[in-house]
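Structure first, then comments.
Remember, it's 1-based here, ligands and their atoms both numbered in the order they're listed.
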Amino acid sequence: MKATPNVLTQEQTAFLVRRRVAHLATADEAGRPHGVPVCFACAPAAIYIALDEKPKDVPVSHLKRVRNILENPNVALVADRYAEDWSLLAFVMVRGHAELLDPETEEHGAAVRLLRGKYHQYETMRIEENPVIAIRPEKAASWGALDEPESSEPQVLDTIHGRRSVRRYLPKEVKEGVVEQVLEAARWAPSPHGRQPWRFAVIRNGETKERLADAMGEEWRTNLQMDGQDVGVVEKRLEGSRRRLLDAPVLVLLCLYLEDLDVYPDAGRQRGETTMAVQSLGAAAQNALLTAYDLGLDAGWMCAPLFCPEKVVEALGLDPTLVPHALLTLGYAEGDPPKRRPRRPLDELVVYRD
Ligand SMILES: Cc1cc2nc3c(=O)[nH]c(=O)nc-3n(C[C@H](O)[C@H](O)[C@H](O)COP(=O)(O)O)c2cc1C
């Protein structure tokens, strides 16, 4: 599954992965062109397009794009950014061979998961019953400001729906200014008494990441062995977690800092004070994740520091008053994440009491 990285540059991949809509051009046997807007998801070796549910009288095999692909598999897909500020204009065009994935195949299942992860609207549509179009990229071309930050007028709910946990990144540099904006968002999180009971450590250096991975890995190995996990499984999970840390271009460690909080004579109120600080750290993390997404970055959350805070403090040479809680990975997604957990509907989560 390694075709796309060879065909698309990192900038092109990062740009394409973040588009919500593209245009698919197909042609029939005689070369007569046809174009439609499409939702799509990216994997390292393919770009996937669902065939939505249709009224019964239009089977998907009658769709013009499907008939064209069967007659002539050469296709092009173009995704662009338009803005009134023309210094932000950009597009990527991918040419390749298209095929229709049979619903029985493993790749079809993986493609449907990718598409549902990217577009929550697909969760309630029976796209798994139809073939999925897979484009195998052969050539890519692009133009314009691919690397510019995304829209300056984001809709908050769109950002919330779009954000997802990413666990594999392109080896593409993340500019310092962008990381600073992510931290700026975290700084503005609500906090108990406005005391901001958190501090952040930013890690980019490979050796520092390795020290951190070693420290956390040691603790995790002990815990997994204590759980009686198979040696092979333990090593595989540790290796996966280590790779996540080393491959992410930037790590942001969120630490609790409790020194400025109120002190109470009773344990109950003191616990409440600490809980508020933890809640606030979660708010800072979410601010950071949403801002990262708005800026065209992706992010992931790792809870590992929570289970060995002292080791993390030691490995990074941090002030001992800091309590590491969460690690955010930041970078540009290699592709759309393979799975994303669907959400429970609101009526399972909410009760109304008049
Ligand atoms: C407190 C917390 C801890 C998490 N820890 C991890 C973790 O250690 N590893 C991981 O891969 N994801 C971790 N996640 C991410 C969740 O798995 C992810 O948010 C969830 O599956 C929903 O997927 P989405 O973020 O793509 O919507 C954590 C999330 C939270 C809020």
So, are Glu239 and Lys236 salt-bridged, with charged N and O less than 4.0 Å apart? no
Going by the atom numbers of ligand 1, which of them fall below 4.0 Å from some non-hydrogen atom of Arg163? 24 (P), 25 (O), 27 (O)
Under a 4.0 Å heavy-atom limit, does Arg164 contact ligand 1 with its side chain, its backbone, both, or neither? both
Is a salt bridge present between Glu184 and Arg187, judged by a nitrogen-to-oxygen distance below 4.0 Å? yes
Ligand 1 atoms nearer than 4.0 angstrom to some heavy atom of Met302 are 7 (C), 8 (O)
Residue, atom name and distance, where the atom is the protein heavy atom closest to atom 21 (O) of ligand 1: Arg341 NH1, 3.0 Å
Nearest option to atom 23 (O) of ligand 1, as decided by whichever heavy atom of Arg244, Gln286, Arg343 sits closest: Arg343
Considering only NZ, NE, NH1 and NH2 on the basic side and carboxylate oxygens on the acidic side, decide whether Arg199 and Asp319 come within less than 4.0 Å. no
Hey, does Trp301 come in under 3.5 Å of ligand 1, counting only N/O atoms on both sides? yes
With distance as the sole test, does Arg19 use its side chain to make a donor-acceptor pair with the main-chain N or O of Cys39 at under 3.5 Å? no
Who's the nearest protein heavy-atom neighbour of atom 18 (C) of ligand 1, and how far? Ser165 OG, 3.5 Å
So for ligand 1, is Cys303 a polar contact partner (N or O within less than 3.5 Å, distance only)? yes
Check each of Thr26, Asn74, Asp28 against Asn68 using the side chain to side chain donor-acceptor pair (under 3.5 Å) test, and report the only one that passes. Thr26
Classify the side-chain pair Ser280/Trp198 by whether it contains a donor and acceptor separated by less than 3.5 Å. yes
Who's the nearest protein heavy-atom neighbour of atom 17 (O) of ligand 1, and how far? Arg167 NH2, 3.3 Å
Less than 4.0 angstrom from a charged side-chain N to a carboxylate O is my criterion; do Arg242 and Asp214 meet it? yes
